[in-house]
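Below: the structure, in structure tokens.
On a predicted model such as this, the values are computed, not experimentally measured, just so you know.
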Amino acid sequence: MDSLVKEFKNITGETNDEWVSSFLLNSKRTVLTKTNRSELIDDLNDYVLKLAIVRYNKQGNEGLASYNEGGESESYLSEDEILSDISIYRLSASARRLQNEKKKSQEISTERV
């Protein structure tokens, strides 16, 4: 997650650590929910970063697809556009159960050692 924090700060120029953590944590939760996972895998880091940046850039303009003022315009990607390819990482309910059971059994075996 540290590399995501650095990358987010480099792209956005944001220096407030609480804000950065908040945007990344909320985006991580969304990605985990959409993929039915309990832990983030490396392949999903780009989705977390992109989603966090889009949410950061939309501050004050939530719900808008674009914004025009004084001859300047901004267009925003929707969260659905960013997450459109994420379904290939989605775990089925049974796959998630198996993953959770495997994790629990590993935790138990390390406790016994």
- [ ] For R90 and K34, indicate whether the former's side chain and the latter's backbone hold a donor-acceptor pair under 3.5 Å.
- [x] yes

Open item on the list: Working to the nearest 0.5 angstrom, can you tell me the gap between T12 OG1 and E7 CD?
Closed with: 11.0 Å

Task: Student check: side-chain heavy atoms of R55 and L24 closer than 4.5 Å - done: no

Open item on the list: Considering only residues two or more places apart or on different chains, which pairs with a residue in residues 8-21 satisfy salt bridge (Lys or Arg N to Asp or Glu O under 4.0 Å)?
Closed with: K9-D17

Open item on the list: If you define the side chain from C-beta out and look only at heavy atoms, does anything of I11 sit under 4.5 Å from L49?
Closed with: yes

TODO: Could you tell me the separation between the CZ atom of F8 and the OG atom of S27, rounded to the nearest 0.5 Å?
DONE: 7.5 Å

Donor-acceptor contacts under 3.5 Å from residues 35-44 side chains, at least two apart:
residue : atom : partner : partner atom : Å
T35     : OG1  : V31     : O            : 2.8
T35     : OG1  : L32     : O            : 3.3
N36     : OD1  : R96     : NH1          : 3.2
N36     : ND2  : L91     : O            : 3.0
R37     : NE   : Y89     : O            : 2.9
R37     : NH2  : Y89     : O            : 3.0
E39     : OE2  : K103    : NZ           : 2.6

TODO: For the residue pair E81 and S84, establish whether any side-chain heavy-atom pair is separated by less than 4.5 Å.
DONE: no

- [ ] With rounding to the nearest 0.5 Å, note down the distance linking CD1 in I82 to CD in E79.
- [x] 6.5 Å

Open item on the list: Between I86 and L83, is there a side-chain heavy-atom distance shorter than 4.5 Å?
Closed with: yes

Open item on the list: Once rounded to the nearest 0.5 Å, what's the spacing between atom CD1 of I53 and atom NZ of K58?
Closed with: 14.5 Å

Open item on the list: How close do F23 and A52 get, counting heavy atoms only, and between which atoms?
Closed with: O-CB, 3.7 Å

TODO: Decide yes or no for D85 and Y47: does some side-chain heavy atom of the first lie under 4.5 Å from some side-chain heavy atom of the second?
DONE: yes

